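Here the structure is laid out as structure tokens; the discussion comes afterwards.
What you see is a predicted model, and the numbers here were worked out from it, not measured in a lab.
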Amino acid sequence: MLIYNTFSRKKEEFEPVNPPAVTMYICGPTVYDYFHIGNARSFIMGDIIRRYLIFRGYRVKFVMNITDIDDKIIKKAAEEKTDTSGIASRFSDAFLHDLEKLKINQADVFPRATEHIEEIIDVIKKIELNGAAYDGLDSIYYDISKFREYGKLSGKKLDELESGARVEVNSAKRDPLDFALWKKAKPGEPSWESPWGPGRPGWHIECSAMSMKHLGESIDIHCGGNDLIFPHHENEIAQSEIATGKKFVKYWLHFGFLNIQEEKMSKSLGNFFTAREILGKYPAEALRLLYLQTHYSGPLSFTEDLLISASKGFERIKNFALLIKENINSSPAYGESRFDFEKYRLKFTEVMDDDFNTPKGLAVFYDFIKDANSFIQNNKPGKEFFREAYELTKAIGETVFGIVHFDEINAKTEAGIESKLIELLIEMRQQAKLDKNYKLADEIRLKLGAIGVTLQDSKEGTTYRITV
RNA sequence: GGCGGCGUGGCCAAGUGGUCUAAGGCGAAGGUCUGCAAAACCUUUAUUCAUCGGUUCAAAUCCGAUCGCCGCCUCCA
């Protein structure tokens with residue numbers, strides 16, 4: 001299996017440190033607001049990569065941090081005249097809720113910065129002990145001159161960075177690129193006790209501390225958005241490697257941006273849709289499908305039309321899943337079942353093994369659906385066929401991609417009074433059709449459609465589907 | 001200024017030296033079925049890969065130049 005590693009800028013053979021165990025960390029949100037669909041792209045693609053690793057037999061421990069103390073939260077709390085913990089808990093609840101709606105599997109751990117103050121302090125102490133921290137009056141800073149390899153992830157050269165660095169006003173930093181490990185509290189700011197006085201952790205340090213605590217000092221995969229490469233991930237490396245003397249991360253994965261009208265979607269530009277807004281109008285699966293259609297590392301220009309197209313694709317997938325579900329128990333025990341399922345499974349694995357090529361993986365899935373539909377039309381497949389079709393659809397569509405949810409598909413109500421009533425109406429409509437009373441026949445179909453029952457006429461008679 | 005990415009059919013997008021007269025999705029056109037729909041399937045829809053040169057037996061894929069777009073270098077997924 002190949003993974004593109006930002007660190008080497010090459011695709012590398014994936015060899016976790018302790019297979020089949022894989023340790024994976026993804027940078028989660030700062031909970032000061034609802035997240036937008038650009039953020040969602042990272043969360044969804046991270047989720048799919050994790051799912052695929054599991055599908056391939058790895059035992060993945062997946063950690064996603066929640067930054068619940070930070071300048072933005074302090075600012076928001078001040079605006080709303082409330083405390084930071086109130087803001088943090090409100091938006092972290094919203095975050096977890098929206099993740100679930102997006103069909104993103106729960107992380108094994110969702111560590112929060114404020115619950116890891118001890119661990120954070122310990123890491124800072126180690127950095128201090130190794131001579132890479134200094135007291136800059138308002139903060140304890142990391143001294144990047146102590147880490148020779150600074151810039152190795154982002155490929156930046158120190159002198160170039162420094163000439164381009166913007167001048168900060170009133171900075172107590174020795175070097176503009178130094179960054180805060182611990183920010184001393186100003187009056188009225190939330191704070192925790194520390195050897196350097198009351199204060200709060202800097203932004204980068206929490207990821208180092210929590211990654212180490214939950215996954216160990218060296219981990220396999222660390223991922224996040226492209227914009228985190230510098231300075232966030234660069235700083236994480238600097239801190240962690242000075243503290244432990246060990247390589248922090250083996251594979252760095254970065255997600256491309258979601259652009260809107262040729263610009264990066266971002267809070268500060270105000271050109272965003274929150275995940276909530278989108279979920280109010282389109283199924284989560286459509287958004288996942290849209291993201292699957294582009295490779296995770298490249299940019300994606302978002303328009304609502306693309307989401308509409310993806311919704312149509314999702315309809316086709318859903319109809320297929322429904323067909324499978326309807327037939328898995330009702331089809332004859334014996335029938336033509338010579339269909340090469342293995343071909344698709346192998347192809348899927350082959351293309352996904354190449355740096356999680358989801359557009360190709362999806363193409364394999366669509367090929368399978370088309371071929372299977374065609375097979376069903378041209379043969380009389382039995383239970384065995386539908387059972388295998390179910391397995392494969394479940395593996396690719398549900399387990400890995402999270403775009404098929406068999407449990408949520410409304411198969412026909414089993415022999416309930418409702419289905420009897422529907423069948424009664426179908427019979428009456430059949431009579432109307434025989435009488436050439438198409439007006440009545442169409443009215444029955446239309447009205448049933450309005451309440452979520454779709455009728456489908458075919459040679460074998462009329463069938464119905466519940467589509468709500 | 002430094003670094004990185006991108007430009008493929010009406011739209012999205014994969015492919016990065018030969019199997020590419022270029023996967024897949026959406027859209028469009030025709031067809032099967034049908035009273036009409038719906039669903040599904042079948043057929044058609046790029047001899048061409050921003051432009052211009054070059055390397056090669058062979059290029060969308062490598063090299064150079066040009067044009068256009070985006071991102072990072074400051075908080076940001």
Side-chain angles (χ1 to χ4, degrees), chain A residues 6 9 26-30 32 35-46 70-72 75 151 154-157 159-168 176-177 203 223-232 234 254-259 262-269 289-290 292-295 297-303 305-317 319-320 322-323 351 354 357-367 369-378 433-434 436-439 441-442 445-446 449 454-459 463 465 467:
Chain A
T6 307
R9 297 177 198 260
I26 180 167
C27 286
T30 299
Y32 69 104
F35 64 92
H36 60 66
I37 55 174
N39 303 310
R41 185 179 182 200
S42 291
F43 303 151
I44 287 173
M45 294 319 289
D70 166 272
D71 292 0
K72 284 182 177 168
K75 186 163 168 254
S154 52
K156 297 189 185 297
K157 294 185 182 69
D159 48 341
E160 284 164 2
L161 271 173
E162 288 175 12
S163 61
R166 308 193 183 179
V167 184
E168 290 186 43
L177 293 170
W203 173 43
C223 49
N226 245 198
D227 48 1
L228 296 183
I229 297 174
F230 191 89
H232 186 55
E234 195 67 64
H254 291 97
F255 305 114
F257 293 129
L258 192 69
N259 293 138
E262 314 255 280
E263 266 186 319
K264 173 183 168 185
M265 181 176 285
S266 77
K267 286 269 166 60
S268 46
L269 291 169
L289 203 49
L290 175 60
L292 285 167
Q293 283 173 24
T294 307
H295 187 78
S297 62
L300 197 171
S301 283
F302 179 83
T303 64
D305 281 348
L306 289 179
L307 201 46
I308 292 168
S309 299
S311 302
K312 301 261 174 62
F314 171 55
E315 281 301 312
R316 190 146 75 87
I317 292 169
N319 280 330
F320 177 71
L322 189 56
L323 184 69
V351 300
D354 184 6
N357 194 325
T358 58
K360 272 191 183 173
L362 193 61
V364 173
F365 191 45
Y366 275 119
D367 282 341
I369 289 173
K370 179 175 282 187
D371 295 346
N373 266 324
S374 171
F375 184 84
I376 292 166
Q377 283 183 15
N378 298 322
K433 279 170 71 178
L434 290 173
K436 299 232 184 305
N437 185 351
Y438 294 123
K439 198 173 168 228
D442 288 349
R445 184 172 62 197
L446 208 68
T454 307
L455 297 191
Q456 297 175 340
D457 295 331
S458 75
K459 268 184 287 198
T463 58
R465 277 180 173 176
T467 49

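- Residue A:Gly46 is out of contact with every strand shown, counting any heavy-atom pair closer than 4.0 Å.
- Contact annotation for A:Ser309: backbone-only contact, meaning every heavy-atom pair under 4.0 Å involves sugar-phosphate atoms and none involves a base.
- Distance check, rounded to the nearest 0.5 Å: CZ of A:Arg41 to CG of A:Leu258 gives 6.5 Å.
- Separating the C1' atom of B:G17 from that of B:C62 is a span of 7 Å, rounded to the nearest Å.
- One atom, NZ of A:Lys360, and another, P of B:A14, lie 11 Å apart when rounded to the nearest Å.
- Comparing atom distances between the A:Gln456 side chain and each of B:G25, B:A38, B:G35 picks out B:A38 as nearest.
- Counting any heavy atom pair closer than 4.0 Å across all strands shown, A:Asn373 reaches sugar-phosphate atoms only and no base atom.
- Here the separation of B:U74 from B:G64, taken at their C1' atoms, is 35 Å to the nearest Å.
- A straight line from CG of A:Leu292 to C1' of B:C12 spans 14 Å, rounded to a whole angstrom.
- Taking 4.0 angstrom as the limit, A:Lys75 places none of its side-chain polar atoms (N or O) nearer than this to OP1 or OP2 of B:C75.
- Contacts of A:Gly224 with the nucleic acid, taken as non-hydrogen atoms under 4.0 Å apart, involve only primed sugar atoms and P, OP1 or OP2.
- Which of B:A39, B:C70, B:A23 sits closest to the side chain of A:Arg465 comes down to B:A39.
- In this structure, CG of A:Asp371 is placed 15 Å from P of B:A23, rounded to the nearest angstrom.
- Map A:Lys439 and A:Tyr32 each onto its nearest nucleotide of RNA chain B; the residue landing nearer the 5' end is A:Lys439.
- The base-pairing partner of B:A14, taking Watson-Crick or G-U wobble contacts with both distances under 3.5 Å, does not exist among the strands shown.
- Within the 4.0 angstrom heavy-atom criterion, base atoms lie near A:Met265.
- Going from the C1' atom of B:C36 to that of B:U43 covers 24 Å, rounded to whole Å.
- Within the 4.0 angstrom heavy-atom criterion, no nucleotide atom of any strand lies near A:Ile229.
- Side-chain nitrogen and oxygen atoms of A:Asn226 include none within less than 4.0 Å of the OP1 or OP2 phosphate oxygen of B:G4.
- Closest approach of A:His295 to A:Pro359, counting heavy atoms only: N-CG, 3.6 Å.
- Here the nucleotide nearest the side chain of A:Lys156, chosen from B:A14, B:G2, B:G25, is B:G2.
- Within the nucleic acid shown, A:Lys72 comes within 4.0 Å of at least one base atom, counting heavy atoms only.
- Across the P atoms, B:U61 and B:C6 are found 13 Å apart, a figure rounded to whole Å.
- For the P atom pair drawn from B:A38 and B:A46, the interatomic distance equals 26 Å after rounding to whole Å.
- A salt bridge is absent between A:Lys370 and A:Asp367; no separation between the charged side-chain nitrogens and carboxylate oxygens falls under 4.0 Å.
- Rounding to the nearest 0.5 Å places CG of A:Leu228 at 10.0 Å from CZ of A:Phe255.
- Between B:G35, B:A14, B:C70, one nucleotide has an atom nearer to the side chain of A:Ala441 than all others, and that is B:G35.
- Look at the C1' atom in both B:U47 and B:G31: the space between them is 27 Å, to the nearest Å.
- The A:Lys370 side chain lies nearest to B:G25 when the options are B:A13, B:G25, B:C36.
- The NZ atom of A:Lys264 sits 11 Å away from the C1' atom of B:C70 (whole-angstrom rounding).
- For A:Arg41 and B:G71, the CZ to P distance is 15 Å, given to the nearest whole Å.
- Residue contacts for A:Asp367: at a heavy-atom cut-off of 4.0 Å it reaches the sugar-phosphate backbone alone, with no base atom in range.
- In this structure, B:A60 makes no Watson-Crick or G-U wobble pair, since no nucleotide meets both defining distances under 3.5 angstrom.
- Rounded to whole angstrom, the span from the CD1 atom of A:Ile317 across to the P atom of B:A40 amounts to 11 Å.
- For A:Asn357, the listed nucleotide lying nearest its side chain is B:A14; candidates were B:A14, B:A39, B:C12.
- Note on A:Arg316: a side-chain N or O is less than 4.0 Å away from OP1 or OP2 of B:G25.
- Comparing A:Ser458 and A:Gly38 by the nucleotide of RNA chain B that holds the closest heavy atom to each, the one mapping nearer the 5' end is A:Ser458.
- The nucleotide whose nearest atom lies closest to any side-chain atom of A:Phe257 is, among B:G15, B:A39, B:G71, B:G71.
- For the atom pair OG of A:Ser154 and NE2 of A:His254, the computed distance is 9.5 Å after rounding to the nearest 0.5 Å.
- Figure legend. B:A50 is base-paired to B:U66; pairs are counted as Watson-Crick or G-U wobble with both atom distances under 3.5 Å.
- Searching all strands for a Watson-Crick or G-U wobble partner of B:G71 with both distances below 3.5 Å returns B:C3.
- In this structure, A:Ile26 reaches neither bases nor backbone, as no heavy-atom distance under 4.0 Å exists between it and the strands shown.
- Ion pairing between a basic and an acidic side chain is recognised when a charged N comes within 4.0 Å of a carboxylate O; A:Asp227 and A:Lys264 show such pairing.
- For the pair A:Ile317/A:Phe365, a side-chain contact is recorded, criterion being any heavy-atom separation below 4.5 Å from C-beta on.
- Cation-pi check for A:Lys267 over A:Tyr32 is met; the charged atom lies under 6.0 angstrom from the ring centroid and within 45 degrees of its normal.
- Residue A:Lys312 is in sugar-phosphate contact alone, with no base atom involved, counting any heavy-atom pair closer than 4.0 Å across all strands shown.
- At a threshold of 4.0 angstrom between heavy atoms, the contacts of A:His232 with the nucleic acid are absent.
- Of the candidate nucleotides B:G35, B:C72, B:G24, B:G35 has the atom nearest to the side chain of A:Asp442.
- Nucleic acid contact class of A:Asp71 (heavy atoms, under 4.0 Å, all strands): none.
- Atoms CG (A:Leu455) and P (B:C33) sit 22 Å apart, rounded to a whole Å.
- Contact annotation for A:Arg9: backbone-only contact, meaning every heavy-atom pair under 4.0 Å involves sugar-phosphate atoms and none involves a base.
- Comparing the same atom, C1', in B:U44 and in B:A50 gives a spacing of 28 Å after rounding to whole Å.
- Looking at heavy-atom distances under 4.0 Å, A:Gln377 makes contact with a base.
- Across the P atoms, B:G10 and B:C57 are found 35 Å apart, a figure rounded to whole Å.
- Nucleotide B:U19 forms no Watson-Crick or G-U wobble pair with any nucleotide shown, as no partner meets the under 3.5 Å limit on both distances.
- Note that the CD atom of A:Glu263 and the OG atom of A:Ser301 stand 11.0 Å from one another [nearest 0.5 Å].
- When each of B:C69, B:C72, B:G35 is scored by its nearest atom to the side-chain atoms of A:Glu262, the top-ranked nucleotide is B:C69.
- Dashed line: the shortest gap from a side-chain N or O of A:Asn319 to OP1 or OP2 of B:A40 is under 4.0 Å.
- For A:Asp457 against B:C36, a side-chain-to-base donor-acceptor contact under 3.5 Å is present.
- The side-chain ring of A:Tyr366 is not stacked on the base of B:G24, judged by centre separation under 5.5 angstrom and plane angle under 30 degrees.
- Judged by the 6.0 Å and 45° rule, A:Lys156 forms a cation-pi pair with A:Phe230.
- Across all strands shown, B:G31 is found opposite B:C41 as a Watson-Crick or G-U wobble partner, with both distances under 3.5 Å.
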